Undergrad: 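Following this message is one structure expressed as structure tokens.
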Amino acid sequence: MTDAPSYGFDTLQIHAGARPDPATGARQTPIYQTTAYVFRDAEHAAALFNLQEVGYIYSRLTNPTVAVLQERIATLEGGVGAVCCSSGHAAQIMALFPLMAPGRNVVVSTRLYGGSITQFSQTIKRFGWSAKFVDTDDLAAVEAAIDDDTRAVFCESIANPGGYVSDIDALAKIADAAGLPLIVDNTSATPYLCRPIEHGATLVVHSMTKYLTGNGTVTGGVVVDSGKFDWSASDKFPSLSAPEEAYHGLKFHETFGPLAFTFHGIAIGLRDLGMTLNPQAAHYTLMGIETLSLRMERHVDNAQKIAEWLENHPHVEAVTYAGLASSPYHDRVARICPKGAGGLFTVALKGGYDACVKFVDSLELFSHVANLGDTRSLVIHSASTTHRQLSEEQQKAAGAAPNVVRISIGIEDAKDLMADLDQALNAAHG
Ligand SMILES: Cc1ncc(COP(=O)(O)O)c(C=O)c1O
């Protein structure tokens with residue numbers, strides 16, 4: 001299809017990037033289960049390797065099934081290009097890789113998925129990179145944390161686990177004034193609820209493992225490029241603006257303009273880091289995205305009803321859902337996520353840690369798993385699992401204190417979910 005900008009989200013989630021298979025007419029995007037592609041001749045091969053012609057060489061770099069997914073997500077996010085990779089965590093490394101170098105840092109929100117906090121606070125140190133954690137609601141602290149070695153600012157649109165909403169416009173303004181890209185993890189919101197690029201983000205990353213695939217069958221990630229950042233405005237991003245040693249001195253920004261980041265991600269990121277998405281996983285994710293808006297509407301509807309009901313439950317101390325009138329993020333969510341506050345929130349239980357553990361063990365319809373964004377409703381006690389590596393102070397800052405459970409509301413009947421939650425809350429306090 002020609003991606004006419006007038007098509008609505010529901011149309012684009014089914015058609016963007018796809019067309020009937022040119023060889024067979026197959027209506028559904030085929031799974032191109034191949035490692036390599038036959039070159040027409042030696043000249044064709046040389047043109048592909050020189051990036052003078054766009055095409056397929058080897059599936060670590062590019063694959064036609066994955067390419068459809070990349071174009072679909074880039075379109076839904078309002079970006080110019082996207083690079084799929086093997087997980088959400090891989091996407092975060094792929095986003096930072098062209099920007100960072102030993103000694104450089106990234107300013108990141110304290111309200112992140114626990115695995116991301118560990119990745120940024122511990123693992124990236126092995127590359128000589130570092131992260132400065134700040135409460136991104138404190139804009140003066142964000143400004144103060146940026147120094148000459150900072151190369152990006154990173155936050156989640158709706159933060160896992162607490163469902164906190166970042167003021168993307170304000171953070172983008174600060175990053176922009178400092179000549180830095182803002183990277184937004186849009187996993188919990190999805191482009192249906194939030195389009196970070198419209199609020200000033202430079203790059204958007206996703207764990208496609210969650211709502212994009214939507215049924216717990218895939219591990220995948222993606223980096224979407226807005227194409228709006230001027231990588232040559234300073235000497236801070238030499239991989240993109242100066243001759244890139246890793247690609248025989250090619251100047252990516254000069255050569256590819258707004259697509260510089262995307263081409264770098266494929267030609268160097270995937271080529272050398274090898275965090276590639278396989279075509280089978282791309283197929284499942286394409287299937288999932290076809291119904292993204294329908295699922296997100298139901299997730300939001302159910303989450304709103306259940307959060308309101310839980311807030312008044314006698315065994316519950318607090319609920320963090322940004323869609324609640326009592327939430328400090330209630331006004332912000334209407335601006336950042338106009339179609340709803342997502343399906344993810346935490347519940348603080350009266351009875352603390354012990355009540356949380358009993359509650360999780362007593363649920364029957366909810367699955368106790370380390371995942372979110374499934375059609376099924378899911379639950380986890382973050383402090384003893386996903387956020388276990390963090391100090392209690394970090395757990396609290398991330399919204400994963402020992403007395404809270406994280407709930408990912410699925411698309412089942414809300415009344416069945418409430419009945420299950422009710423019996424488990426009563427069992428936890430029985
Ligand atoms: C918000 C968020 N970002 C990133 C990740 C990492 O994604 P993956 O598990 O696909 O590596 C997760 C995983 O839970 C997440 O919740």
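When a ligand or atom number is given, it counts from 1 through the structure's own listing order. What you see is a predicted model, and the numbers here were worked out from it, not measured in a lab.
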Undergrad: Tell me: protein heavy atom nearest atom 8 (P) of ligand 1, and distance?
TA: Gly88 N, 3.3 Å

Undergrad: Looking only at protein heavy atoms, which one is nearest to atom 12 (C) of ligand 1, and how far off is it?
TA: Tyr113 CD2, 3.4 Å

Undergrad: Looking at every heavy atom in both Tyr7 and Leu12, which two are closest together, and how far apart are they?
TA: O-CD1, 3.6 Å

Undergrad: Centre-to-centre under 6.0 Å for Phe120 and Phe154, is that the case here?
TA: yes

Undergrad: Applying the side-chain hydrogen bond (donor to acceptor under 3.5 Å, both in side chains) criterion to Asn63, which one of Tyr32, Tyr58, Tyr37 satisfies it?
TA: Tyr37

Undergrad: Any atoms of ligand 1 less than 4.0 Å from a non-hydrogen atom of Leu372? List them with their elements.
TA: 16 (O)

Undergrad: Return the residue, atom name and 0.1 Å-rounded distance of the protein heavy atom closest to atom 1 (C) of ligand 1.
TA: Asp185 OD2, 3.5 Å

Undergrad: Run the numbers for me: atoms of ligand 1, each under 4.0 Å from some heavy atom of Glu156, listed by number.
TA: 1 (C)

Undergrad: For atom 14 (O) of ligand 1, which of the options Lys210, His206, His89 provides the nearest non-hydrogen atom?
TA: Lys210

Undergrad: Tell me: protein heavy atom nearest atom 10 (O) of ligand 1, and distance?
TA: Thr209 OG1, 2.6 Å

Undergrad: For the 3.5 Å polar cut-off, considering only N or O atoms, please tell me whether Ser207 and ligand 1 meet it.
TA: yes

Undergrad: Starting from atom 16 (O) of ligand 1, which protein heavy atom do you reach first, and at what distance in Å?
TA: Asn160 ND2, 2.8 Å

Undergrad: Give me the ring orientation class for Trp231 and Phe237: parallel if the planes are under 30° apart, tilted from 30 to 60°, perpendicular past 60°.
TA: perpendicular

Undergrad: For Gln92, take its heavy atoms, then give the atoms of ligand 1 lying under 4.0 Å from any of them.
TA: 3 (N), 4 (C)

Undergrad: Taking the side chain as every heavy atom from C-beta outward, state whether His368 and Leu363 have any atom pair closer than 4.5 Å.
TA: no

Undergrad: Flag yes if more than 12 heavy atoms outside Asp148 fall under 6.0 Å of its CG atom; otherwise flag no.
TA: no

Undergrad: Would Tyr192 and Glu297 count as a side chain to side chain donor-acceptor pair (under 3.5 Å) if you check the C-alpha gap in whole Å, the side-chain angles of each, and the deciding distance to 0.1 Å?
TA: CA-CA 9 Å; Tyr192 182 65; Glu297 274 170 15; 2.6 Å; yes

